[in-house]
Amino acid sequence: MPSALPDGEPVPDDGALPAHALADAAERPLGFYLHVPYCATRCGYCDFNTYTATELRGTGGVLASRDNYADTVVDEIRLARKVLGDDPRPVRTVFVGGGTPTLLAADDLVRMLGAIREEFGLADDAEVTTEANPESVDPAYLETLRAGGFNRLSFGMQSARQHVLKILDRTHTPGRPERCVAEARAAGFAHVNLDLIYGTPGESDDDWRASLDAALGAGPDHISAYALIVEEGTQLARRIRRGEVPMTDDDVHADRYLIAEETLSAAGFDWYEVSNWATSDAGRCLHNELYWRGADWWGAGPGAHSHVGGVRWWNVKHPGAYAGALAAGKSPGAGRELLSDEDRRVERILLELRLREGCPLSLLREAGLAAAERALSDGLLQPGPYDEGRAVLTLRGRLLADAVVRDLVD
């Protein structure tokens, strides 16, 4: 089941933010994340805040229905307009994630985007993305999205091997994600991502190479490759605990990452974040870069997280409770925290170090600078950028990114 929300102070019923949160807001980009919590089935590795029809039955009534979900999200977008007041910023990025957003009608996704356009306006070069399950879209669906203002798609491919997809409880068939890319191009989408997962129990190096080759053959301009993380409480964790499938291995993950870097770079893809590669700067996911650079975003939907001007908050998780709060004219926020300057400094290091541009050495304290010197000597940081005042990971550093970050934030 989905993981628990963090603790925090209460969110005011009207969702009001402290005055300092909107200070200098015009200098920061603003994005929207729209969470769609519905899935046809629950994948065995997933602990996201998602629900199948069976899991919702009897727990939310009409308020938790997919049929009126778009109306509920529109209500929160209108709440955002009230909370942000006369904030003049047009929205720079919109990302619809889940769950499976494409379980909703394409017109519903377009309607949610239309509410953002009506309430805030979209920047002239706004990036508008939705995640999509390969089995839940067809050419007509994609054409409706494109006509409605979406210009980027992210398909969950995960693997090209049937036995790997079976371990992950993925329902699409091998080859379908690749056909989706072709359909997206035909519908007019210039930017398409394929998500891959490596390190699944039973996956071999050859399986992983086959998945990379299949993804590249489809012709996307962006590929994300994530190591499988076995989360407690998931079906996969229970299967591993019972000995039905082997535990994932960190050394295997490292080997698979090196295979990915070699294969993708040879095909003209450059890494710009530890787990993300693109064929050009235009192909990078701008919405995710808002997160990694600590910009402002409003997360609408059950369990969605938001950040504006150093205030972070999160919504109640259950779709019924979420819809009930908005129907009562209240914020669906479950809790929030006010980030201190030190919190924001640490988060900048944690996130920016994962980027190709790295993080400024000026963010580091004395112990962190000493750790950076050691990382440089150990071949974990690139010497050229270091001499220019930035900590940028080498390929070996990317393999050990979490450990490097832990040392630098001291």
Side-chain angles (χ1 to χ4, degrees), residues 28-37 69-71 73-74 76-78 80-81 84 87-134 136-156 180-181 183-195 220-224 272-273 276 278-293 295-301 304-307:
R28 304 186 299 270
L30 174 66
F32 260 83
Y33 172 75
L34 309 180
H35 184 66
V36 178
Y69 183 71
D71 294 331
V73 171
V74 167
E76 188 177 358
I77 293 167
R78 290 172 177 158
R81 176 73 279 176
L84 297 180
D87 185 333
R89 292 175 291 178
V91 171
R92 179 70 182 83
T93 67
V94 179
F95 194 103
V96 187
T100 307
T102 46
L103 281 181
L104 299 185
D107 286 339
D108 282 349
L109 300 188
V110 170
R111 187 148 49 91
M112 293 189 294
L113 175 61
I116 294 173
R117 185 185 292 111
E118 178 181 342
E119 296 292 342
F120 291 88
L122 294 174
D124 291 341
D125 57 349
E127 175 191 271
V128 183
T129 305
T130 185
E131 294 179 336
N133 185 306
S136 63
V137 297
D138 58 25
Y141 191 105
L142 298 178
E143 289 166 5
T144 299
L145 290 181
R146 185 69 192 94
F150 284 81
N151 53 28
R152 186 174 183 274
L153 291 169
S154 180
F155 292 106
C180 284
V181 176
E183 292 171 2
R185 296 297 193 201
F189 284 89
H191 301 299
V192 183
N193 171 62
L194 289 176
D195 271 342
D221 66 334
H222 190 287
I223 291 178
S224 300
Y272 70 96
E273 191 274 341
N276 291 273
T279 57
S280 67
D281 286 349
R284 293 164 67 152
C285 180
L286 299 180
H287 184 81
N288 283 344
E289 289 194 283
L290 291 189
Y291 298 155
W292 297 325
R293 298 186 185 282
D296 290 350
W297 72 90
W298 189 292
H305 287 234
S306 303
H307 171 265

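The structure displayed is predicted, hence computed values, not measured ones.
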Value rounded to 0.5 Å, distance of CG in L122 from CG in N151: 9.5 Å

Check whether any side-chain heavy atom of T129 sits under 4.5 Å from a side-chain heavy atom of L153, and report yes or no. no

Under the side-chain contact (heavy atoms from CB on, under 4.5 Å) test against C180, which residue among V137, V192, L142 passes? V137

Any chance you could lay out the side-chain hydrogen bond (donor to acceptor under 3.5 Å, both in side chains) test for Y272 and H222, step after step, and finish with the verdict? CA-CA 10 Å; Y272 70 96; H222 190 287; 2.6 Å; yes

Here the gap from D221 atom CG to H191 atom NE2, rounded to the nearest 0.5 Å, amounts to 6.0 Å

Which heavy atom of Y141 sits nearest to which heavy atom of P101, and what is that distance? OH-O, 4.0 Å

Distance from D195 atom CG to E131 atom CD, nearest 0.5 Å? 6.5 Å

For the student: nearest non-hydrogen atoms of L34 and I77, plus distance: CD2-CD1, 4.3 Å

Taking A295's backbone N and O only, do any of them form a donor-acceptor pair with H307's side chain (distance below 3.5 Å, no angle check)? yes

Could you go step by step and tell me if V96 and V36 meet the side-chain contact (heavy atoms from CB on, under 4.5 Å) rule? CA-CA 7 Å; V96 187; V36 178; 3.9 Å; yes

Tell me whether R28 contacts the main-chain N or O of D296 through its side chain, where contact means a donor paired with an acceptor under 3.5 Å. no

Is a side-chain donor or acceptor of R111 paired with a backbone partner of A70 at a separation under 3.5 angstrom? no

Do N133 and T102 have side-chain N/O donor and acceptor atoms under 3.5 Å apart? no

Side-chain donor/acceptor of E127 to backbone N/O of V94, under 3.5 Å: no

Quick check: closest heavy atoms across A187 and R146, and the distance to 0.1 Å? O-CG, 3.2 Å

Would L104 and Y69 satisfy side-chain contact (heavy atoms from CB on, under 4.5 Å), going step by step from the backbone distance to the final call? CA-CA 9 Å; L104 299 185; Y69 183 71; 4.0 Å; yes

Taken to the nearest 0.5 Å, the spacing of M112 CE from D108 CG works out to 6.5 Å

For residues F150 and L113, determine if any side-chain heavy atom of one lies less than 4.5 Å from a side-chain heavy atom of the other. yes

Counting distance only, does the side-chain N/O of S136 pair as donor-acceptor with the main-chain N or O of A132 below 3.5 Å? no

Is it possible for you to check whether R81 lies under 6.0 Å from the centre of the six-membered ring of F120, through NZ or CZ, and within 45° of that ring's axis? yes

Walk me through whether S224 and N276 qualify under side-chain hydrogen bond (donor to acceptor under 3.5 Å, both in side chains). CA-CA 5 Å; S224 300; N276 291 273; 2.5 Å; yes

CZ/R293 to CG/N288 distance, rounded to the nearest 0.5 angstrom? 12.0 Å

Do NZ/NE/NH1/NH2 and the carboxylate oxygens of R284 and E289 come within less than 4.0 Å? yes

Using a 4.5 Å cut-off on heavy atoms from C-beta on, say whether the side chain of P29 contacts that of L290. yes

Heavy-atom pair with the smallest gap, counting every atom of V91 and A126: O-CB, 3.8 Å

Please find the pair of heavy atoms, one from A123 and one from P90, that lie closest to each other, and give the distance. N-CB, 3.7 Å

G97 to Y33 - nearest heavy-atom pair and separation: C-OH, 3.4 Å

Can you tell me how far apart CG (L194) and CD1 (I223) are? Round to the nearest 0.5 Å. 6.0 Å

Matching residue for H287 among W292, F32, W297, F95 - test: ring pair (Phe, Tyr, Trp, His ring centres under 6.0 Å): F95

